[in-house]
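Okay, so here's the structure we're looking at.
Hydrogens, waters and symmetry mates are skipped; everything else that's a heavy atom, side chains included, is used. Sequence positions, counted from 1, serve as the residue numbers for this chain.
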Amino acid sequence: AGEVHLDQRLLPVIRSAQRNAAGKYVVTRDARATRTAEIRGTVLNASGDAPIGGAVVRLADDPRGVRAGADGVFLLRGVPAATSALLVAA
């Protein structure tokens, strides 16, 4: 019963689950199942009436970022689900 419960609960992210000699489970996570998202948006000036082309948008905890197009539009891919802050530099 314990194995069925474990498999059903972790099915979206599990690659394998085996019980070791001590009776504890050893779970191997499938790296492809890591939850990520995309963040799309438009960088606008303080008045909100004009796009800021070329602005750099990045996650607060990651030095990599993307440059907004001339229309201010950006797309960040592969954003970890636990991300909480964006930084924008124009």
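Shown here are the side chain to side chain contact (heavy atoms under 4.5 Å, CB included) partners of Ala37, two or more places apart in sequence or in another chain: there are none. Remark: Leu87 engages Arg58, Ala60 in a side chain to side chain contact (heavy atoms under 4.5 Å, CB included) (not counting sequence neighbours).
Both Val79 and Leu86 are members of a single hydrophobic cluster when ILVMFWY side chains are connected at heavy-atom separations under 4.5 Å. Note: the hydrophobic cluster containing Leu44 does not contain Val57 (ILVMFWY, side chain heavy atoms under 4.5 Å, direct or indirect links).
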Output side-chain donor-acceptor pairs under 3.5 Å for residues 67-75, partner residues at least two apart or in another chain, one line each.
unit_1: Arg67; atom_1: NH1; unit_2: Gly54; atom_2: O; d: 2.7
unit_1: Asp71; atom_1: OD1; unit_2: Val73; atom_2: N; d: 3.1

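Taken to the nearest 0.5 Å, the CG atom of Leu59 stands 5.5 Å off from the CG atom of Leu76.
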